[in-house]
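For reference, positions follow the sequence shown, starting with 1. Every heavy atom of this structure was used, including side-chain atoms; hydrogens, water molecules and symmetry mates were not.
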Amino acid sequence: MLPDQEAFSIFAVMEKAAFIINPFSAKKNYQPFLDELKKKVDNPLYYISESIPGTDDFIKEHFDKVDIFVAIGGDGTISTVARKLINTDKILAIFPAGSGNGFSNETKFNKNLDELLEKIKARASRKIDTFTVNGRLSINVSGTGFDGKVVKEFEKTSRGFKNYIKVSLKTFFNYKPIKVQFSDEAYQQYNGRYLMLNIANTRQFGNNAYIAPNASKSDGLVDMVLVKKFPLTYSALFAFRMFTKRLKDDEYVTYLPVSEISFKVTTKNWHLDGEFNTIESPVHVKVLPASLNILV
């Protein structure tokens, strides 16, 4: 291919990509990314999001002309973009800029813009599962109980891994276990009180904290993770096992691979992909198999 032809080909591909930036991610320091993007892509199509409705409107406006939507932010930003691409031929790409970047880690996206642009040029993609909690989309890990409360308090801080640890420790001392009651008779043996309940489509919360080491985003299932409250003296070992992918052998953790499940829980505090949500019981979780195209 001649140089001019190659340049035109690259331009044509990039013309089919749109970049959606969450300006509140990465400690509100998105400008270096945008400056680098403008140096490497002529007149890129981008949107600095002011709100979720604004992001929705941008995607709707450009939906017919764009093939690849790139989310620049954390798991919450990615999920916001992804929900408009479910069960379509559009492709989701990611430039991680969040606190934990769990979904980005699990889908092998990093902060190398050159690598991302090469992936966009190649346009290779594959389908992965997502799931809903009472109709609300989740792509990574969602949950209630202790971590739902932690996320609620964490959103009051300036974020960052250190603040997450501080909030987690403070919350642990005072948190009372939640009560979970399953609708299906096959799962009623697991009725009881738990520190937290998580629904895992991938293996990790973020920051390489693996809550569900065997979870797969392409098997038509999610791992329901039930964690009993453990003594404070056990916290260090629990954390060690979580960060070394060994929680599957932990005596305080139960894994239930499911495609659909309903239950009641005595709290409304949830996080969906790290974003706080209020969700009423009864709760219905449903996997959406092969529902999202993701760049590879």
> Does Asp75 offer a backbone N or O that forms a donor-acceptor pair with the side chain of Ser79 under 3.5 Å?
Replying inline: no
> Testing Phe63, Phe19, Tyr47 for ring pair (Phe, Tyr, Trp, His ring centres under 6.0 Å) with Phe58, which one passes?
Replying inline: Tyr47
>> On a heavy-atom basis, which atom in Ser291 and which in Asp129 lie closest, and how many Å separate them?
In response: OG-C, 4.1 Å
> Are the side chain of Ser216 and the backbone of Ser218 linked by a donor-acceptor contact shorter than 3.5 Å?
Replying inline: yes
>> Run the side chain to side chain contact (heavy atoms under 4.5 Å, CB included) test on Lys228 and Leu195 for me, step by step, so that the C-alpha distance in whole Å, both residues' side-chain angles and the decisive distance to 0.1 Å come before the verdict.
In response: CA-CA 5 Å; Lys228 293 180 181 177; Leu195 176 67; over 6 Å; no
> Under 3.5 Å, is there a donor-acceptor pair linking the side chains of Tyr234 and Asp250?
Replying inline: yes
> Got Leu226 and Met224 here, is their nearest side-chain heavy-atom distance under 4.5 Å?
Replying inline: yes
>> I need the Ile20 CD1 to Ile48 CD1 distance, nearest 0.5 Å.
In response: 12.0 Å
>> Would you say Arg136 and Asn277 are linked by a side-chain donor-acceptor pair, where the criterion is simply a distance under 3.5 Å?
In response: yes
> Is the gap between the ring centers of Phe238 and Tyr252 under 6.0 Å?
Replying inline: no
> If every non-hydrogen atom of Asp147 is compared with every non-hydrogen atom of Leu197, which pair is closest and at what distance?
Replying inline: OD1-O, 4.5 Å
> Mind checking whether Leu34 and Ile21 have side chains closer than 4.5 Å, heavy atoms only?
Replying inline: yes
> Between Ser138 and Asp273, does a side chain to side chain donor-acceptor pair (under 3.5 Å) hold up when you go through it step by step?
Replying inline: CA-CA 6 Å; Ser138 179; Asp273 299 323; 2.9 Å; yes
> Is the number of heavy atoms from other residues, nucleotides or ligands within 6.0 Å of NZ (Lys248) greater than 12?
Replying inline: yes
> Does the ring of Tyr210 carry Lys245 above it, NZ/CZ under 6.0 angstrom from centre and within 45° of its axis?
Replying inline: yes
>> To the nearest 0.5 Å, what is the distance between OG on Ser125 and CG on Leu295?
In response: 7.0 Å
> So, Asn140 versus Glu106: side-chain donor-acceptor pair below 3.5 Å or not?
Replying inline: no
> How far apart are the closest heavy atoms of Lys84 and Thr88, and which atoms are they?
Replying inline: O-CG2, 4.4 Å
> What closest approach, in Å, do Asn201 and Thr130 show between heavy atoms, and which atom pair accounts for it?
Replying inline: ND2-CA, 4.2 Å
> Hey, are the side chains of Leu288 and Leu137 touching, using non-hydrogen atoms and a 4.5 Å cut-off?
Replying inline: yes
>> Applying side chain to side chain donor-acceptor pair (under 3.5 Å), can you list everything that pairs with Lys40, at least two apart in sequence or on another chain?
In response: Glu36, Asp114
> So do Lys119 and Phe109 actually touch side chain to side chain, heavy atoms under 4.5 Å?
Replying inline: yes
> Above 12 or not: heavy atoms from other molecules or residues under 6.0 Å from CG of Leu237?
Replying inline: yes
>> Would you say that Ile68 contacts Lys16 through its side chain, given a criterion of any heavy-atom pair below 4.5 Å between the two side chains?
In response: no
> Of the options Ile211, Val225, Val180, Thr267, which is the one that meets Met196 in a side-chain contact (heavy atoms from CB on, under 4.5 Å)?
Replying inline: Ile211
> Between Asp223 and Arg203, does at least one N-O distance fall below 4.0 Å, as a salt bridge requires?
Replying inline: no
>> Under the criterion salt bridge (Lys or Arg N to Asp or Glu O under 4.0 Å), I'd like the reasoning laid out for Arg83 against Asp56: C-alpha separation, chi angles, the key distance, then a yes or no.
In response: CA-CA 9 Å; Arg83 69 189 183 130; Asp56 292 347; 2.8 Å; yes
> After noting the C-alpha distance and the side-chain angles of Leu92 and Ile78, does the key distance pass the side chain to side chain contact (heavy atoms under 4.5 Å, CB included) rule?
Replying inline: CA-CA 8 Å; Leu92 173 70; Ile78 298 164; 3.7 Å; yes
> Under 3.5 Å, is there a donor-acceptor pair between the side chain of Asn207 and the main chain of Ala209?
Replying inline: no
>> Please determine whether side chain to side chain contact (heavy atoms under 4.5 Å, CB included) holds for the pair Asp67 and Lys90, giving the CA-CA distance in whole Å, both sets of side-chain angles, and the decisive distance to 0.1 Å.
In response: CA-CA 5 Å; Asp67 294 331; Lys90 304 303 178 181; 3.9 Å; yes
> So do Ser281 and Val265 actually touch side chain to side chain, heavy atoms under 4.5 Å?
Replying inline: yes
> Between Tyr187 and Phe263, is the ring centre distance below 6.0 Å?
Replying inline: no
> Is Glu50 atom CD crowded by more than 12 heavy atoms from other residues, nucleotides or ligands, each under 6.0 Å away?
Replying inline: no
> Between CG of Asp57 and CD1 of Ile52, what distance do you get to the nearest 0.5 Å?
Replying inline: 12.0 Å
> Does Glu61 have any side chain to side chain donor-acceptor pair (under 3.5 Å) partners at least two apart in sequence or in another chain, and if so, which?
Replying inline: none
> For atom NZ of Lys264, is the number of surrounding heavy atoms from other residues, nucleotides or ligands below 6.0 Å larger than 12?
Replying inline: no
> Looking just at side-chain N and O atoms, do Thr55 and Thr80 make a donor-acceptor pair shorter than 3.5 Å?
Replying inline: no
> What are the two closest non-hydrogen atoms of Ile94 and Ser104, and how far apart are they?
Replying inline: CG2-OG, 3.2 Å
>> Using the rule given for side chain to side chain contact (heavy atoms under 4.5 Å, CB included), can you reason through Phe276 versus Asn269, listing the C-alpha separation, both sets of side-chain angles and the distance that settles it, and then say yes or no?
In response: CA-CA 7 Å; Phe276 180 75; Asn269 292 335; 3.3 Å; yes
> Does atom CD of Glu185 have more than 12 heavy-atom neighbours from other groups under 6.0 Å away?
Replying inline: no
> How many angstroms lie between atom CD1 of Ile120 and atom CD1 of Ile91, to the nearest 0.5 angstrom?
Replying inline: 10.0 Å
>> Please tell me whether Ile294 and Val81 are part of a single hydrophobic cluster in this structure, the criterion being side-chain heavy atoms less than 4.5 Å apart.
In response: yes
> So, for Ala93 and Leu116, which heavy atoms are closest and what is the spacing to 0.1 Å?
Replying inline: CB-CD1, 4.2 Å
>> side chain to side chain donor-acceptor pair (under 3.5 Å) for Lys179 and Tyr194? Distances and angles first, verdict last.
In response: CA-CA 6 Å; Lys179 185 177 180 182; Tyr194 295 94; over 6 Å; no
>> Checking the side chain of Asn22 only, and the main-chain atoms of Phe24 only, is there a donor and an acceptor separated by less than 3.5 Å?
In response: yes
>> Would you compute the distance between atom CG of Asn134 and atom CG of Leu272 and round it to the nearest 0.5 angstrom?
In response: 9.5 Å
> Would you call the rings of Phe33 and Phe95 parallel, tilted or perpendicular if under 30° counts as parallel and over 60° as perpendicular?
Replying inline: tilted
> Is there a path from Val283 to Val222 through hydrophobic residues (I, L, V, M, F, W, Y) whose side chains come within less than 4.5 Å of each other?
Replying inline: yes
> How long is the gap from CZ on Phe240 to CG on Leu247, to the nearest 0.5 Å?
Replying inline: 11.0 Å
> Are side-chain N/O atoms of Asp35 and Gln31 paired as donor and acceptor at under 3.5 Å?
Replying inline: yes
> Given side chains that start at C-beta, do those of Thr202 and Phe103 come closer than 4.5 Å, heavy atoms only?
Replying inline: yes
> Can a salt bridge be assigned to the pair Glu280 and Lys268 using a cut-off of 4.0 Å between side-chain N and carboxylate O?
Replying inline: yes
>> With heavy-atom distances below 4.5 Å as the criterion, would you say the side chains of Ser235 and Phe230 are in contact?
In response: yes
